[in-house]
2 protein chains.
Amino acid sequence: MDAMTVTEITDTRSDTCAGPPQGDRRPDGKDKYTISEVAALTGLTAHTLRWYERIGLMPHIDRSHTGQRRYTNRDLDWLALVGKLRLTGMPVADMVRYAELVRAGDHTYAERFELLKATREDVLARIAELQGTLAVLDRKISFYADAGRALASERA
Amino acid sequence: MDAMTVTEITDTRSDTCAGPPQGDRRPDGKDKYTISEVAALTGLTAHTLRWYERIGLMPHIDRSHTGQRRYTNRDLDWLALVGKLRLTGMPVADMVRYAELVRAGDHTYAERFELLKATREDVLARIAELQGTLAVLDRKISFYADAGRALASERA
DNA sequence: TAGATCCTTGGAGTGCGCTCCAGGCAAGCG
DNA sequence: CGCTTGCCTGGAGCGCACTCCAAGGATCTA
């Protein structure tokens, strides 16, 4: 029974709720994408997708009978999460760490929770930084706008 | 007369209003800092300060009679602006471009204005991205929190 | 005047995140 | 059958933003 709960927590579905549904997906059950399809859907290159796999950032990817990768909707969800985390500036190594925790199973649940909360704080801090920068830019922009008006009235 | 206005616009003072006064500054007129003092004030390394100069990201820096750099408050202001822009992810090459415009004189005024406005839009877009990421993180965090409660009540 | 500490330079090295290459296999098509 | 297209691999290469090194000069404290 403990095992059951645990399985649910670790279920990839739970760990890949990373965004609104992207277009052009196939329904679950028929979700088999080639690497170039995934590249088109995610904006990553096939090179990058293979590289993510090599460094351990991806779960195991299914292969066709000839050895070609076949990605699932679940893989796309994971890539969407990775994309979001990448936007925050999180180092790839940290994302690999998170991927390892997911692979390791349910006993890493608490650690994942902490990692997510820390990331959340980072994101908040980054937003605050950017808002500070925005204030500086706005001051400079209004300075240039005023200077522009002064020049224009002089010329008149 | 046109020349005068122009001089004001180009005046470095106008281009370095980059933030609240940082602590530990000396008053204008006695503002002579060694490279290691600037490193301490800005958090950059002396290496990085010299490198910024080499690539054209800094204006000309005064030298002591023996050739050592002596930074002014104005230089610190410029570095504060550079720091803010760096936080936005602006490439160093773009900052160099801006520095060149400032050095080039008043006729680059319009171009600087456009560059600042474009940067402002970038920053807004980045903030929006981060808020999207924050939403994803919050969903995952609340998922883990719920799962945690479930596990706890099971154990009870 | 010795020794420690700080500063100078040009150029080489580092770490990250890709990005690409060579050489080869497999499937589809006229 | 040959041709094209797409995918496979390990490993090399690249661009960015630093980061450091070696060798030497300047400054400070005792």
Side-chain angles (χ1 to χ4, degrees), chain A residues 32-58 60-72 75-76 78-100 119 122 126 129 133, chain B residues 32-58 60-72 75-76 78-100 119 122 126 129 133:
Chain A
K32 295 285 168 208
Y33 307 88
T34 66
I35 197 167
S36 58
E37 286 170 333
V38 175
L41 287 169
T42 60
L44 299 168
T45 70
H47 291 305
T48 301
L49 289 167
R50 286 190 278 258
W51 179 67
Y52 278 2
E53 205 175 323
R54 259 196 283 183
I55 63 174
L57 185 51
M58 295 296 296
H60 178 76
I61 302 295
D62 285 351
R63 298 298 181 117
S64 72
H65 67 104
T66 56
Q68 298 193 353
R69 288 171 183 80
R70 293 293 178 257
Y71 292 82
T72 64
D75 298 325
L76 292 181
W78 175 255
L79 283 169
L81 173 64
V82 166
K84 289 288 186 192
L85 293 178
R86 207 170 37 132
L87 288 177
T88 71
M90 178 185 279
V92 167
D94 290 4
M95 292 190 257
V96 170
R97 173 79 188 134
Y98 185 75
E100 283 166 354
T119 302
D122 284 356
R126 186 144 320 211
E129 278 176 355
T133 300
Chain B
K32 295 285 168 208
Y33 306 88
T34 67
I35 198 167
S36 60
E37 285 170 334
V38 175
L41 287 168
T42 62
L44 300 167
T45 70
H47 292 304
T48 301
L49 289 168
R50 291 189 199 103
W51 178 67
Y52 278 1
E53 205 174 323
R54 262 196 282 183
I55 63 174
L57 185 52
M58 295 297 293
H60 177 75
I61 303 293
D62 286 350
R63 298 298 181 116
S64 73
H65 67 104
T66 57
Q68 298 192 352
R69 288 171 182 79
R70 292 294 177 256
Y71 292 82
T72 64
D75 298 324
L76 292 182
W78 175 256
L79 283 169
L81 173 63
V82 165
K84 289 289 187 193
L85 293 178
R86 207 171 36 133
L87 287 177
T88 71
M90 178 186 281
V92 166
D94 291 4
M95 292 191 257
V96 169
R97 172 82 189 132
Y98 185 75
E100 283 166 353
T119 302
D122 284 356
R126 186 145 318 214
E129 280 175 352
T133 300

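Labels below follow one simple rule: chain letters A, B, ... track the order of the sequence lines, proteins then strands, and each chain is numbered from 1. As the structure is a computational prediction, the values presented were derived from the model and not from experiment.
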Can you tell me which nucleotide in [options] comes closest to the side chain of [X]?
X: B:Thr48; options: D:dG6, D:dT19, C:dC7; value: D:dT19
X: B:Arg50; options: D:dC7, C:dT8, C:dA26; value: C:dT8
X: B:Thr34; options: C:dC7, D:dC7, D:dT19; value: C:dC7

In whole angstroms, how far is the [atom2] atom of [N] from the [atom1] atom of [X]?
X: B:Gln68; N: D:dG25; atom1: CD; atom2: P; answer: 14 Å
X: B:Arg54; N: D:dC18; atom1: CZ; atom2: C1'; answer: 11 Å
X: B:Ile61; N: C:dT9; atom1: CD1; atom2: P; answer: 12 Å
X: A:Trp51; N: C:dG15; atom1: CH2; atom2: C1'; answer: 11 Å
X: B:His65; N: D:dG25; atom1: NE2; atom2: P; answer: 16 Å
X: A:Glu53; N: D:dT9; atom1: CD; atom2: P; answer: 7 Å
X: B:Lys32; N: C:dC6; atom1: NZ; atom2: P; answer: 22 Å
X: A:His47; N: C:dC21; atom1: NE2; atom2: C1'; answer: 8 Å

Just call it for [X]: base, sugar-phosphate, or nothing, with non-hydrogen atoms closer than 4.0 Å on any strand.
X: B:Arg69; value: sugar-phosphate
X: B:Ser64; value: nothing
X: B:Arg70; value: nothing

Can a donor-acceptor pair be found, under 3.5 Å and without considering hydrogens, that links the side chain of [X] to the backbone of [Y]?
X: A:Thr42; Y: A:Val38; value: yes
X: B:Trp78; Y: B:Ala99; value: no
X: B:Asp94; Y: B:Pro91; value: no
X: A:Thr88; Y: A:Lys84; value: no

For the side chain to side chain contact (heavy atoms under 4.5 Å, CB included) test, which of B:Gln68, B:Arg69, B:Arg50 pairs with B:Ile61?
->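 Only one option passes, and that is B:Arg69.
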B:Arg63 side chain near D:dA26 phosphate (N/O to OP1/OP2, under 4.0 Å) |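 Looking at the OP1 and OP2 atoms of D:dA26, neither is under 4.0 Å from any side-chain N or O of B:Arg63.
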Side-chain N,O (B:Tyr52) to OP1/OP2 (D:dC18) below 4.0 Å |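 The answer is yes; a side-chain N or O of B:Tyr52 sits under 4.0 Å from OP1 or OP2.
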Nearest nucleotide by nearest heavy atom, which residue falls closer to the 5' end of DNA chain D, B:Val92 or B:Thr66?
->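 The 5'-side residue here is B:Val92.
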